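These figures come from a predicted structure and were not determined experimentally.
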Amino acid sequence: MDNISGFNLHVDPGPGGLLRSLEFGINPSNLDGVFISHCHTDHYNDAEILIEAMTKGMTKKRGNIIGSKSVMEGVDQWGPSISNYHKSNSKTYILEENKEIDLEKFSLTGTKTIHGDPFGVGFQLKTENITISYTSDTRYFEELKDYHKGADVLIGSILRPGTKGLKGHMCSKNFKDLILEIKPKLAIMTHFGFKMLKSNPIKEAQEIKKETGVKTIAATDGMVIDVDYKNPSKSYISKMKRRTIPGRFSNDIFKLY
């Protein structure tokens, strides 16, 4: 998430997070924070690399690292995913369900997930102008709507299409139901599995928009969503200029103004 009231936050930097940032012209040394929701490799793999970029190769005291208790400290067989060395030059925060942290530019409140890592969290981010919710990986459950209530922008990890759910993850139908309950002004789908990619996530998003009346976007590599704070439903998609960088991995980038 780029330029949240002047704050640049990388969310769940999985494999290729660094290369994708460079490929699409994002300078990782301009990061102000890294958020890691839980102890699965596809969410934390490049976190330490990006922390090194944020701290200028661990030579500067700067930046913020936010993660679940399992990510930051380790609990039982879960984590830690960030070494003490990499935590040593930044402010660190443990985000838990219903816990709020103040990052000056905005606040983050932890939201409950039901997933493989029992300590995983999503978040609801609030500025003076907009509220953005991120579900992270979670199955759909009845109280999920309560954690993300009031979101202007709802970002969901939607692994599979239609009603083809998988343990610990949401499918398109789950996201449609959540949108109908929360009624955000903009919904964004990300974190697609092979079945979703084969089905075509853009068509899934179009169907959700048709059934809910809420503008729904399926994220793609290199996508920039310019979010209109005054009217998120008028947000638009632009493409970043791709540079020649070896490697082809997945990383979604959102730009806010």
Inset, instruction - Verify side-chain contact (heavy atoms from CB on, under 4.5 Å) between L154 and L186, making sure each step is shown before the conclusion. - result: CA-CA 6 Å; L154 177 65; L186 174 66; over 6 Å; no

Inset, instruction - Could you check S83 against E48 for side-chain contact (heavy atoms from CB on, under 4.5 Å), going step by step and ending with a plain yes or no? - result: CA-CA 8 Å; S83 71; E48 290 182 336; 3.6 Å; yes

Inset, instruction - Check step by step if side-chain contact (heavy atoms from CB on, under 4.5 Å) holds for K61 and T55. - result: CA-CA 6 Å; K61 295 279 186 181; T55 57; over 6 Å; no

Legend entry - Stepwise side-chain contact (heavy atoms from CB on, under 4.5 Å) check, D32 with L9: CA-CA 6 Å; D32 298 294; L9 178 68; over 6 Å; no

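N89 approaches T59 most closely through the heavy-atom pair ND2-N, 4.0 Å. A pairwise comparison of heavy atoms in S5 and Y229 identifies N-OH, 3.9 Å as the closest pair. The minimum heavy-atom distance between E181 and Y140, with the atom names listed, is OE2-OH, 2.7 Å. The shortest heavy-atom contact between T113 and T135 is CG2-O, 3.5 Å. Across Y44 and I36, no two heavy atoms sit closer than the pair CB-CG2, 3.5 Å. Scanning both residues, H38 and S136, for their nearest heavy atoms gives ND1-OG, 3.7 Å.
Between H10 and the choices L18, D2, L31, the side-chain contact (heavy atoms from CB on, under 4.5 Å) rule is met once, by L31. Among D137, T111, D12, D117, the one residue that satisfies the side chain to side chain donor-acceptor pair (under 3.5 Å) test with S37 is D12.
There is no side-chain donor-acceptor pair under 3.5 Å between D102 and S107. Side-chain atoms of Q124 and Y134 include no donor-acceptor pair closer than 3.5 Å. Under the 3.5 Å distance criterion, with hydrogens and angles disregarded, no donor-acceptor pair is assigned to the side chains of N129 and T127. No hydrogens or angles considered: nothing links the side chains of S235 and D228 as a donor-acceptor pair under 3.5 Å.
Counting only heavy atoms from C-beta outward, the side chains of V153 and I188 approach each other to under 4.5 Å. The side-chain heavy atoms of Y85 and M58, taken from C-beta on, include a pair separated by under 4.5 Å. Residues R139 and K167 form no side-chain contact, since every pair of their non-hydrogen atoms from C-beta on lies 4.5 Å or further apart. With a 4.5 Å cut-off on side-chain heavy atoms, I155 and M189 do not count as touching. At least one side-chain heavy atom of I225 sits under 4.5 Å from a side-chain heavy atom of I217. Looking only at side-chain heavy atoms (C-beta outward), Y147 and T109 stay at 4.5 Å or farther from each other. Between L159 and F192 the shortest side-chain heavy-atom distance does not fall below 4.5 Å. Looking only at side-chain heavy atoms (C-beta outward), M54 and K60 stay at 4.5 Å or farther from each other.
Taking NZ of K215 as the start and OH of Y236 as the end, the distance is 10.5 Å to the nearest 0.5 Å. Rounding to the nearest 0.5 Å places CG of L125 at 5.5 Å from CD1 of I132. If you take CD1 on I65 and CD1 on I94, they are separated by 11.5 Å, rounding to the nearest 0.5 Å. Here I179 contributes atom CD1 and T216 contributes atom OG1; the two are 4.0 Å apart, rounded to the nearest 0.5 Å. With values rounded to the nearest 0.5 angstrom, M223 atom CE is found 11.0 Å from F24 atom CZ. The NZ atom of K183 sits 10.5 Å away from the NZ atom of K149 when rounded to the nearest 0.5 Å.
Within a 6.0 Å radius of NZ in K99, other residues, nucleotides and ligands contribute more than 12 heavy atoms. Within 6.0 Å of the CG atom in L166, the count of heavy atoms belonging to other residues, nucleotides or ligands exceeds 12. Remark: E128 CD is loosely packed, at most 12 non-hydrogen atoms of other residues, nucleotides or ligands lying under 6.0 Å away. More than 12 heavy-atom neighbours from other residues, nucleotides or ligands sit within 6.0 angstrom of CD on Q77. The neighbour count for K87 NZ, taken as heavy atoms of other residues, nucleotides or ligands under 6.0 Å away, is above 12. The number of heavy-atom neighbours closer than 6.0 Å to NZ of K56, taken from other residues, nucleotides and ligands shown, is above 12.
Side-chain atoms of D46 never come within 3.5 Å of backbone atoms of I49 as a donor-acceptor pair (strictly under, hydrogens ignored). At distances below 3.5 Å, at least one donor-acceptor pair connects side-chain atoms of N8 with backbone N or O atoms of N30. The backbone N or O of C171 sits less than 3.5 Å from a side-chain atom of N174, completing a donor-acceptor pair. Remark: the backbone N or O of P15 is not paired with any side-chain donor or acceptor of D42 at under 3.5 angstrom.
Pairs of residues two or more places apart, or lying in two chains, that qualify as side chain to side chain donor-acceptor pair (under 3.5 Å) and include a residue from residues 194-214 are S172-E204, K176-E211, S199-E204.
Hydrophobic clustering of Ile, Leu, Val, Met, Phe, Trp and Tyr side chains at less than 4.5 Å, counting indirect connections, unites M1 with Y93. Hydrophobic clustering, with ILVMFWY side chains joined whenever heavy atoms are under 4.5 angstrom apart, keeps W78 apart from V71. Tracing side-chain contacts under 4.5 Å through hydrophobic residues (I, L, V, M, F, W, Y), one never reaches L144 starting from F119; they form parts of separate clusters. Note on I101: it clusters hydrophobically with F7, by side-chain heavy-atom contacts below 4.5 Å among ILVMFWY residues. I208 and L197 end up in the same hydrophobic cluster when Ile, Leu, Val, Met, Phe, Trp and Tyr side chains are linked at under 4.5 Å.
In terms of the ring-ring contact (aromatic ring centres under 6.0 Å, His included) criterion, F175 has no residue partners (sequence neighbours excluded).
With a 6.0 Å cutoff to the six-membered ring centre and a 45° limit on the axis angle, K112 counts as a cation-pi contact of F141.
Between H191 and H43, the distance separating the two ring centers is shorter than 6.0 angstrom.
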